There are 2 protein chains.
Amino acid sequence: MSEKALHELAGRYRESLRRAVYLIRSLDVDDDLSTGQVSTLNIVAEGPVRVSEIARKAGVRVPSATEQIIRLENAGLVQRTQDDKDARAVLVSLTAKGDAALTSANHARNIVLGDGLAQLTQAERDAIAGAIGPMNKLNSALTGSTP
Amino acid sequence: MSEKALHELAGRYRESLRRAVYLIRSLDVDDDLSTGQVSTLNIVAEGPVRVSEIARKAGVRVPSATEQIIRLENAGLVQRTQDDKDARAVLVSLTAKGDAALTSANHARNIVLGDGLAQLTQAERDAIAGAIGPMNKLNSALTGSTP
DNA sequence: TCCTAACTATTAGGCTACCTAAGTATGAGT
DNA sequence: ACTCATACTTAGGTAGCCTAATAGTTAGGA
């Protein structure tokens, strides 16, 4: 593919992503969790995770992750415990309340987004479904993140 | 498509978009413009635009648009003029400096993203290219925005 | 052993960007 | 002319991100 064509595609994709970011934000509807908080909870949900690991997966610096975690801890959604094997490390895990809030938040967002997807044709949904893999690969290639 | 399948697709797409936010941020490399500023400049570039129109297209409230515009104006990238036909309205347009900065910023970002796209296979690029239309349609369906 | 370098997390301070509510000025309709 | 709606700005507040500095822990070599 020519360099010019790559740049043209990059421009169109970039614009589409910019708008999709607002779409994502518009999904924070009724609950009191922000998109960023839901993302952090989704990371924590995979098991007790270190702060540095959360930061890496979320694509932010460690102090930003600490800040998010403190907010979530104050809301009673996560808890911090010491790592037995490394006294420097802190392990973050979901509380029961956090687990419930996350399930509910994911469900609410998937319903709204699912409604939008239902308005597309099957071919359009297939196109989006088929792009997710390549999008993730592109994300990894450019941000170096390993989700 | 079943409701369950829609929600499953919604979940995967949502996760991909979440990570794409960080991709977008990683494109702000060397220049002094943020992603939001580039977006605003891109909107303004289409011609003299009202503040309310900028807010609508950017998916933010009017005061947020005003704030962005003031920042850009202070940087000499846009100018505000009165609308002859409606003394309440303010028309925002690019300055020569803003036009140059926008061209440069778009170019720099397209190069970085283009490099990432170049690492994909042709089939993967085609998948992304094919999803842009449906993604935009979905964005419009859910946010009510008319880009 | 001990000393230094590396690592993990937090705190402190600062910035952008978003929001709602309130204020000012203009336009449009009755 | 009066009223209501529209367009924007101002004021005040919050979330979320950053860098720099700090405290404690670990690991590895002299």
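Being a predicted model, the structure only gives us computed values, none of them experimental. Note that these values count all heavy atoms, side chains included, but never hydrogens, waters or copies made by symmetry. In the text below, chain A, chain B and the rest are named by the order of the sequence lines, each starting its count at 1.
Distances shorter than 4.0 Å separate none of the side-chain N or O atoms of B:Q82 from OP1 or OP2 on D:dC8. At D:dG16, one or more side-chain N or O atoms of A:S34 fall inside 4.0 Å of OP1 or OP2 (strictly under the cut-off). An OP1 or OP2 oxygen of C:dT10 is reached within less than 4.0 angstrom by a side-chain nitrogen or oxygen of A:T66. OP1 or OP2 of C:dC7 has not a single side-chain nitrogen or oxygen of A:S52 nearer than 4.0 Å. Between B:Q68 and the phosphate of C:dC18, there is a side-chain N or O to OP1/OP2 separation shorter than 4.0 Å. Between B:R80 and D:dT9, a side-chain N or O to OP1/OP2 separation shorter than 4.0 Å is present.
Across the protein-nucleic acid pair, B:D84 atom CG and C:dT26 atom P stand 14 Å apart, rounded to whole Å. Computed from coordinates, the A:N74 CG to D:dG16 P distance equals 13 Å when rounded to whole Å. For the pair B:L72 CG and D:dT9 P, the computed distance is 13 Å after rounding to whole Å. Straight-line distance from the CD1 atom of A:I24 to the P atom of C:dC18: 16 Å, rounded to whole Å. For the pair A:R50 CZ and C:dT10 C1', the computed distance is 15 Å after rounding to whole Å. Going from atom CD1 of A:I54 over to atom P of D:dC17 covers 13 Å, rounded to whole Å. What separates CD of A:E73 from P of C:dT11 is a distance of 10 Å, to the nearest Å. Going from atom NZ of A:K85 over to atom P of D:dT25 covers 19 Å, rounded to whole Å.
Of the candidate nucleotides D:dC8, C:dT10, C:dC19, C:dC19 has the atom lying nearest to any side-chain atom of B:R61. Distance from the side chain of B:P63 is smallest to C:dT20 among C:dT8, C:dT20, D:dC8. For A:A89, counting side-chain heavy atoms from C-beta on, the closest listed nucleotide (C:dA9, D:dC18, C:dT20) is C:dA9. Of the candidate nucleotides D:dT9, C:dT16, C:dA9, C:dT16 has the atom lying nearest to any side-chain atom of B:R71.
Scanning both residues, B:I54 and B:A65, for their nearest heavy atoms gives CG2-CB, 4.4 Å. Here the closest non-hydrogen pair linking B:S16 and A:N136 is OG-OD1, 2.9 Å.
Base engagement by B:V62 is indicated by at least one non-hydrogen atom pair under 4.0 Å involving a base atom. Counting non-hydrogen atoms under 4.0 angstrom, A:D83 reaches nothing in the nucleic acid.
Checking B:A65 against A:G59, the closest nucleotide of DNA chain D that is more toward the 5' end is the one next to B:A65. Nearer the 5' end of DNA chain C, as judged by each residue's closest nucleotide, is the contact made by A:D86, out of A:D86 and A:E67.
Judged by distance alone, with hydrogens and angles left aside, A:R88 brings a side-chain donor or acceptor within reach of the base of C:dC7, the pair sitting under 3.5 Å.
A donor-acceptor contact closer than 3.5 angstrom links the side chains of A:N106 and B:R14. Side-chain contact check for B:D115 and B:Q119: no donor-acceptor pair (N or O, by modelled atom type) lies under 3.5 Å.
In the displayed structure, B:E3 atom CD is contacted under 6.0 Å by at most 12 heavy atoms of other residues, nucleotides or ligands. In this structure, A:R12 places its CZ atom where more than 12 heavy-atom neighbours from other residues, nucleotides or ligands lie under 6.0 Å away.
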